[in-house]
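The chain is numbered in sequence order, starting from 1.
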Amino acid sequence: MEEFEQQKISVSLPSLRLDYDVFLSFRGSTREKITKSLYDALDSKGIRVFRDSEGLTQGDQISTGLVEAINDSAAVIAIISSDYASSRWCVEELATFCELGKLVLPVFYKVNPSDVRRQQGTFFNDFRDLERKSKPEKMARWRNAMKTVGGISGWVYNNG
């Protein structure tokens, strides 16, 4: 025990820092619209932003690279568009952030937050489609994440 106490443990502060300040979660349909503008604005202020650049293939499992980026991000800005819930990747990212207790900053892009919270409107059809292809436990996680995020006071963006 004494030996342990006498050893110096040196940890540099940068090694404790997360890789990203913000993870952008968005549907591909917004990539060249609000997502690009938001990314450019944050990046110009020196904010370290993760944004997938390659696009992802469909699948139930979130990729290892995305899991690492989520774990190495302080917060997520979720750009919730009308087709956000049609992507298993998007709802899986969101559920993962919520379960990790990370800060979620929602941008409701041309959608009503109460529709997100209640999975109404376009979200109703998207979740119905997801239910046909997904296990009940995944659906419960995804629905809970959307309900949680829909209840957060975020930014509502309807037009320029």
Any side-chain heavy atom of Asp21 sitting closer than 4.5 Å to one from Leu42?
no

Taken to the nearest 0.5 Å, the spacing of Ile79 CD1 from Tyr109 OH works out to 9.0 Å

Intermediate values then yes/no, side chain to side chain donor-acceptor pair (under 3.5 Å), Thr35 and Thr30:
CA-CA 6 Å; Thr35 302; Thr30 67; 2.9 Å; yes

Kindly give the heavy-atom pair with the smallest separation between Cys98 and Val104, and that separation in Å.
SG-CG2, 4.4 Å

Enter the distance from Cys90:SG to Asp126:CG here, rounded to the nearest 0.5 Å.
10.5 Å

Side chain to side chain donor-acceptor pair (under 3.5 Å) filter on Asp19, not counting sequence neighbours, yields none

I'd like to know if Asp40 pairs up with Lys36 as an ion pair, taking the criterion as any Lys NZ or Arg NE/NH1/NH2 lying under 4.0 Å from an Asp or Glu carboxylate oxygen.
yes

Could you walk me through whether Ser29 and Tyr84 pass the side chain to side chain donor-acceptor pair (under 3.5 Å) test, one step at a time?
CA-CA 9 Å; Ser29 61; Tyr84 185 87; over 6 Å; no

Do the side chains of Lys138 and Glu131 get close enough for a salt bridge, i.e. N-O under 4.0 angstrom?
no

Contact between Thr96 and Arg141 at the side-chain level, heavy atoms closer than 4.5 Å - yes or no?
yes

Do Arg88 and Ser134 meet the criterion of a side-chain donor-acceptor pair at a distance under 3.5 Å?
no

Are Phe124 and Val149 connected in the hydrophobic side-chain network, where two residues link if heavy atoms are under 4.5 Å apart?
no

Partner of Phe50 by ring pair (Phe, Tyr, Trp, His ring centres under 6.0 Å), out of Phe23, Phe26, Phe97:
Phe23

State whether Tyr39 and Arg51 meet the cation-pi test: NZ (Lys) or CZ (Arg) under 6.0 Å from the six-membered ring centroid, and within 45° of the perpendicular axis.
yes

Any side-chain heavy-atom pair of Met146 and Arg118 under 4.5 Å
no

Mind checking whether Asp115 and Thr122 have side chains closer than 4.5 Å, heavy atoms only?
no

